[in-house]
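Both backbone and side-chain heavy atoms feed into the values below; hydrogens, waters and symmetry mates do not. Not measured: the values here are computed from a predicted model. Below, read A as the first sequence line, B as the second, and so on, with proteins coming before strands; counting in each chain starts at 1.
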Number of protein chains: 2
Amino acid sequence: MQLHKPDVVDAAAAILDNYGIADLSMRRLARELNVSPGALYWHFANKQELLGAVADHILRPAVIDVAGLNWRHAIQDICAALRDALLSHTDGAELVSASFAAGQSETVTDIVAQLAAAAADAGARNDDADSTARTLLYYVLGFTVDEQSRRQWDAAGALSDEQSVLMSDTDRQFAFGLRLLIDGLAAHEGATAP
Amino acid sequence: MQLHKPDVVDAAAAILDNYGIADLSMRRLARELNVSPGALYWHFANKQELLGAVADHILRPAVIDVAGLNWRHAIQDICAALRDALLSHTDGAELVSASFAAGQSETVTDIVAQLAAAAADAGARNDDADSTARTLLYYVLGFTVDEQSRRQWDAAGALSDEQSVLMSDTDRQFAFGLRLLIDGLAAHEGATAP
DNA sequence: ACCTGAACACCGTTCAAGT
DNA sequence: ACCTGAACACCGTTCAAGT
């Protein structure tokens, strides 16, 4: 049967979850799909474009509706959904971070636009709203890449009790850094919490 | 003559500046040093460790003395020095970002410690000072990776006038995001500017 | 102690040729 | 239109053997 883009992305996501980003090569992916390496280049211009499609796949659950929320909660919910989506796939943060840097994920652009809208709601002018949105993204990506690599490092020898304590700790740490940015925005724009 | 670590790091930095991170391979580096690829593995355990040494080389001018400065200026100066150091080598931000993620740069750890000390000065308790320091680092790395990749993309067809306008614009954008974090810290800890 | 040579097990990408 | 086969030009790492 024919090879379609969604099949390729699903197979790539499966390799990612089961073996990690280091094993996600074009050749390995082609082997898993019982196809020659060159076949992938009919559907994707290059590896970066394919990884961008995988990034968009990972980010689908991170696109949420924040209509009706005040700007603080909108930012908090978008960032929380983003982090959850990244953490739900092996090396998800690293892959999305790389795809964002390469400008290959449309979804991450949409998310930045959502964050910019929330910043505008907070009273920021256009340029500042954009800077704010990108700063929030840098934070979530940086934090989550770090968190995920530590988790994988600690994967051996972690007691279930200690682990859950550590996890709630990372939740608090994530919220702390995010609050720093939100409070900074409030201070700058003179907005107040409802 | 014998091969010494500093020679290897210097040669690696030269490849980085002249050809970029994509061309900084162990084999290419060995060729440039007129040595067999295996020779490098006598001095460095693996490529990550070597890149960590290059990262430390890049970061040397970013380690500055902030004694006597108030916490706001300390943070501003450290972050500005860090960004300047990253921008002064081709793909410097990307390389240091990767080395930080891999935990292979001692210098970046020192810089985080300096930032944490400044956050403590601002009134943050130990955990919060650490979170603040890491948040600042995520911001500087994320912003500068982005900035540097855009610069390299725009490398063709940029007028010198427009370019300088864009550059001062990125300076302002960098300062804006940084101020967001500093203001957030001030709001959280109730510190005031002198 | 320090390095060579050669091998092992891979990569991403291209492209004529097939169906 | 879609894919194969084979090639091109590379990788990182290891390790017996040399000096």
Side-chain angles (χ1 to χ4, degrees), chain A residues 1-16 18-55 90-91 94-99 101-105 149 152-153, chain B residues 1-16 18-55 90-91 94-99 101-105 149 152-153:
Chain A
M1 55 234 132
Q2 263 222 71
L3 199 59
H4 292 109
K5 277 186 167 184
D7 308 334
V8 178
V9 172
D10 286 351
I15 293 175
L16 193 69
N18 296 317
Y19 305 95
I21 200 171
D23 283 33
L24 182 43
S25 67
M26 297 300 268
R27 299 181 96 102
R28 170 73 183 270
L29 178 55
R31 209 187 311 138
E32 219 87 12
L33 289 162
N34 292 116
V35 107
S36 117
L40 297 172
Y41 290 86
W42 179 261
H43 302 276
F44 300 91
N46 48 44
K47 188 181 182 181
Q48 274 196 350
E49 191 179 300
L50 193 151
L51 291 183
V54 177
T90 308
D91 296 326
E94 198 179 325
L95 186 144
V96 169
S97 202
S99 293
Q104 295 287 357
S105 166
S149 86
Q152 275 152 209
W153 225 87
Chain B
M1 54 234 130
Q2 262 222 70
L3 198 60
H4 293 110
K5 277 188 168 185
D7 307 334
V8 178
V9 172
D10 286 350
I15 293 174
L16 193 68
N18 295 317
Y19 306 95
I21 200 172
D23 283 32
L24 182 43
S25 68
M26 296 300 269
R27 298 181 98 105
R28 171 74 182 270
L29 178 56
R31 209 186 312 139
E32 219 87 12
L33 289 162
N34 292 115
V35 106
S36 116
L40 298 173
Y41 289 88
W42 179 261
H43 301 276
F44 299 91
N46 47 46
K47 189 181 180 179
Q48 275 196 347
E49 191 179 301
L50 193 152
L51 291 183
V54 178
T90 309
D91 297 326
E94 197 179 327
L95 187 142
V96 169
S97 202
S99 293
Q104 296 286 359
S105 166
S149 86
Q152 276 152 208
W153 225 84

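Atom CG in A:Leu29 sits roughly 16 Å away from atom P in C:dC10 (whole-Å rounding). For B:Leu24 and D:dC11, the CG to C1' distance is 13 Å, given to the nearest whole Å. One can place CG of B:Asn46 at 11 Å from P of D:dG12, the figure rounded to the nearest angstrom. Distance, A:Ile15 CD1 to C:dC10 P: 14 Å, rounded to whole Å. Taking atom CD1 of A:Ile21 as the reference point, atom C1' of C:dG12 lies 15 Å away to the nearest angstrom. Atom NE2 of B:His43 is separated from atom C1' of C:dA1 by 10 Å (rounded to the nearest Å). The CG-C1' distance, from A:Leu40 to C:dC11, rounds to 14 Å in whole Å. In this entry the distance linking CG of A:Leu33 with P of D:dC3 reads 10 Å, nearest Å.
Nearest nucleotide to the A:Arg28 side chain, out of C:dC2, D:dC11, C:dC11: C:dC11. Set against C:dC11, D:dC2, C:dC2, the side chain of A:Trp42 has D:dC2 as its closest nucleotide.
Taken from CE in A:Met26 to CG in A:Asn46, the straight-line distance is 7.5 Å, to the nearest 0.5 Å.
Contact detail for B:Ser149 and A:Ala101: the closest heavy-atom pair is OG-O, 4.1 Å.
Shown here are the side-chain hydrogen bond (donor to acceptor under 3.5 Å, both in side chains) partners of B:Ser99, two or more places apart in sequence or in another chain: there are none. Residues passing the side-chain hydrogen bond (donor to acceptor under 3.5 Å, both in side chains) test with B:Glu49, sequence neighbours excluded: none. Residues that satisfy the side-chain hydrogen bond (donor to acceptor under 3.5 Å, both in side chains) test with A:Ser97, not counting sequence neighbours, are absent from this structure. A search for side-chain contact (heavy atoms from CB on, under 4.5 Å) contacts involving B:Ala102 returns B:Gln48, B:Gln104, not counting sequence neighbours.
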Donor-acceptor list for residues 3-13 of chain B side chains, cut-off 3.5 Å, not counting sequence neighbours:
residue : atom : partner : partner atom : Å
B:Asp7  : OD2  : B:His4  : N            : 3.2

Just list the side-chain donor-acceptor pairs under 3.5 Å for residues 29-42 of chain B, sequence neighbours left out, or say none.
residue : atom : partner : partner atom : Å
B:Glu32 : OE1  : B:Arg28 : NE           : 3.3
B:Ser36 : OG   : B:Gly38 : N            : 3.3

Hey, what are the protein-to-nucleotides 4-8 of chain D N/O distances that come in under 3.5 Å?
residue : atom : partner : partner atom : Å
D:dT4   : OP2  : A:Ser36 : N            : 2.8

Let me check I have this right: for DNA chain C, each base becomes ., (, ), [, ] or |, based on Watson-Crick or G-U pairs with both distances under 3.5 Å. What is the full string?
||.|||||...|||||.||
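Looking at heavy atoms from C-beta onward, B:Ile21 lies out of side-chain contact with B:Thr90 at the 4.5 angstrom threshold. Counting heavy atoms from C-beta on, the side chains of A:Leu51 and A:Leu24 come closer than 4.5 Å.
Residues from residues 48-55 of chain B with heavy atoms under 4.0 angstrom of DNA chain C: there are none.
Here, D:dA9 and C:dA9 have their P atoms 24 Å apart, quoted to the whole Å.
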